[in-house]
Amino acid sequence: MTAPDHPILLCHDCGAPHALPPALPGHRAECHRCGAVLRHFRTGGLGHAVALAIASTILFVTANLFPILTFELEGRAQTATLLSGSVALWDGGYEVLGVLVFFVLFLAPLAQVLGTLYVVMPLAAGRTAAPGAAWTFRTVARLRRWAMAEVFLLGLIVAYVKLSDLAELEPGASLAALVAFILVQVWGEASLSPFEVWERIAPQTRVAQAANVDPERLTACHDCHQVVAGPDGGESQGACPRCGARLHHRKPNSLPRGWALISAATILYIPANLLPIMTVVYFGAGQPDTILSGVEALIAAEMWPVALLVFFASITVPVLKLIGLAYLLWTVQRGSPKRQRDRTRLYRLIEGVGRWSMVDIFMISLLAALVQLGTIATIHAELGAVAFAAVVIITMLASESFDPRLIWDAPPRRAQRQDSSMIDAHD
């Protein structure tokens with residue numbers, strides 16, 4: 001039974017309206033139509049999330065203070081910190097690549113942790129939200145996909161395997177801090193309910209407030225999921241009253257923008273695989289490496305698990321993302337009503353795996369930082385790495401620009417009319 005004081009949510013993946021039941025321990029509200037998780041009750045509470053955010057901050061600072069890896073060859077040693085890779089790329093003439101690595105490895109994770117602390121700490125203490133809390137928490141949510149410390153760790157493992165036969169490698173003190181930071185950060189995200197934070201900043205719209213509004217006019221904020229009544233026709237103008245984000249009934253220009261981005265990524269994918277991504281110079285002899293030749297070298301060294309990992313992350317994932325996004329755009333343009341739930345699941349998969357293709361870029365940045373031993377051995381990035389990084393970023397932007405609710409806007413309209421009435425979210 002839907003009570004007037006129950007919060008109302010529009011599913012972020014299909015747009016179906018739901019009245020959320022009271023939060024109980026272990027409760028997880030799911031969309032009845034597409035299966036998306038609308039709200040997950042976290043037992044730790046805001047205080048637990050604050051403690052984990054503080055621990056994450058300390059561990060992140062520690063991970064940046066000391067070397068993460070030491071490379072020793074012919075009596076000469078070179079150390080690398082978390083920031084060494086971006087510095088090496090910048091010094092090597094690939095400034096854009098260096099800035100990208102700095103952003104996803106240092107700036108985004110740090111801003112995410114500090115932003116969470118700034119927003120959640122006053123709320124956990126029972127005080128009102130800090131000034132600018134809504135904008136900050138909105139930014140934290142947007143940065144989540146761009147914070148790639150765990151992807152860097154995978155790149156470090158690949159770099160370690162590649163260099164292990166060439167020289168002696170010694171893990172530094174920061175490696176343990178980095179691993180701990182990743183684990184604590186994941187724990188912290190699992191302990192924090194974004195819905196509860198937004199509810200504390202400003203209450204979610206209730207069933208009674210939307211009772212006399214045509215369901216077709218209800219619009220949800222893309223960032224904080226606040227539900228507001230838009231003008232007739234469902235096209236909303238202005239800013240979200242809670243977080244200030246621009247309101248749209250659907251993401252604007254989703255289809256043309258998606259086609260433009262995947263077309264650009266497809267074009268760039270060709271030089272990304274044909275051009276060398278790095279060159280290894282060993283005692284004066286240079287050896288350029290493409291993505292595929294790097295996989296072949298790992299296979300030749302019988303490092304099958306790592307070779308499979310690199311092949312999957314750097315070759316298979318980008319291709320499948322491009323094909324999957326093209327399929328979603330094509331079926332939406334055709335207005336296909338078939339397999340809507342499966343296509344929504346495909347979108348979630350594409351959105352989740354794309355960032356892992358940055359493994360090769362992190363590996364190159366580490367190798368360029370570690371192997372700088374003059375005439376003995378050097379490794380530096382090549383133009384193929386820039387093209388490949390562009391493919392990864394563009395495909396991530398393409399999946400972000402696609403609006404999965406368009407899948408459910410397709411005919412037959414009677415199915416939509418059935419789902420436009422409010423339904424209690426279920427466990």
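We count residues from 1, following the sequence as given. Treat the numbers as computed from the prediction; the structure is a model and nothing was measured. These numbers come from the heavy atoms of this one structure, side chains and all, not from hydrogens, waters or symmetry mates.
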Donor-acceptor side-chain pairing of [X] and [Y] below 3.5 angstrom:
{"X": "T344", "Y": "W408", "value": "yes"}
{"X": "S193", "Y": "R39", "value": "no"}
{"X": "S263", "Y": "T266", "value": "no"}
{"X": "S399", "Y": "E351", "value": "no"}
{"X": "H32", "Y": "H18", "value": "yes"}
{"X": "Q226", "Y": "T205", "value": "yes"}
{"X": "S84", "Y": "T81", "value": "yes"}
{"X": "R242", "Y": "Q204", "value": "yes"}

If you measure from [atom1] on [X] to [atom2] on [Y], what distance do you get to the nearest 0.5 Å?
{"X": "I394", "Y": "I262", "atom1": "CD1", "atom2": "CD1", "result": "11.5 Å"}
{"X": "D13", "Y": "R345", "atom1": "CG", "atom2": "CZ", "result": "11.5 Å"}
{"X": "Q112", "Y": "W146", "atom1": "CD", "atom2": "CH2", "result": "13.5 Å"}

Passes ring pair (Phe, Tyr, Trp, His ring centres under 6.0 Å), F60 versus F106? Steps please. CA-CA 9 Å; F60 187 76; F106 181 83; 5.6 Å; yes
So for atom [atom1], which belongs to [X], do other residues, nucleotides or ligands contribute more than 12 heavy atoms lying within a distance under 6.0 Å?
{"X": "W135", "atom1": "CH2", "result": "no"}
{"X": "W187", "atom1": "CH2", "result": "no"}
{"X": "F312", "atom1": "CZ", "result": "no"}

Do NZ/NE/NH1/NH2 and the carboxylate oxygens of E150 and R355 come within less than 4.0 Å?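 Yes, this pair counts.
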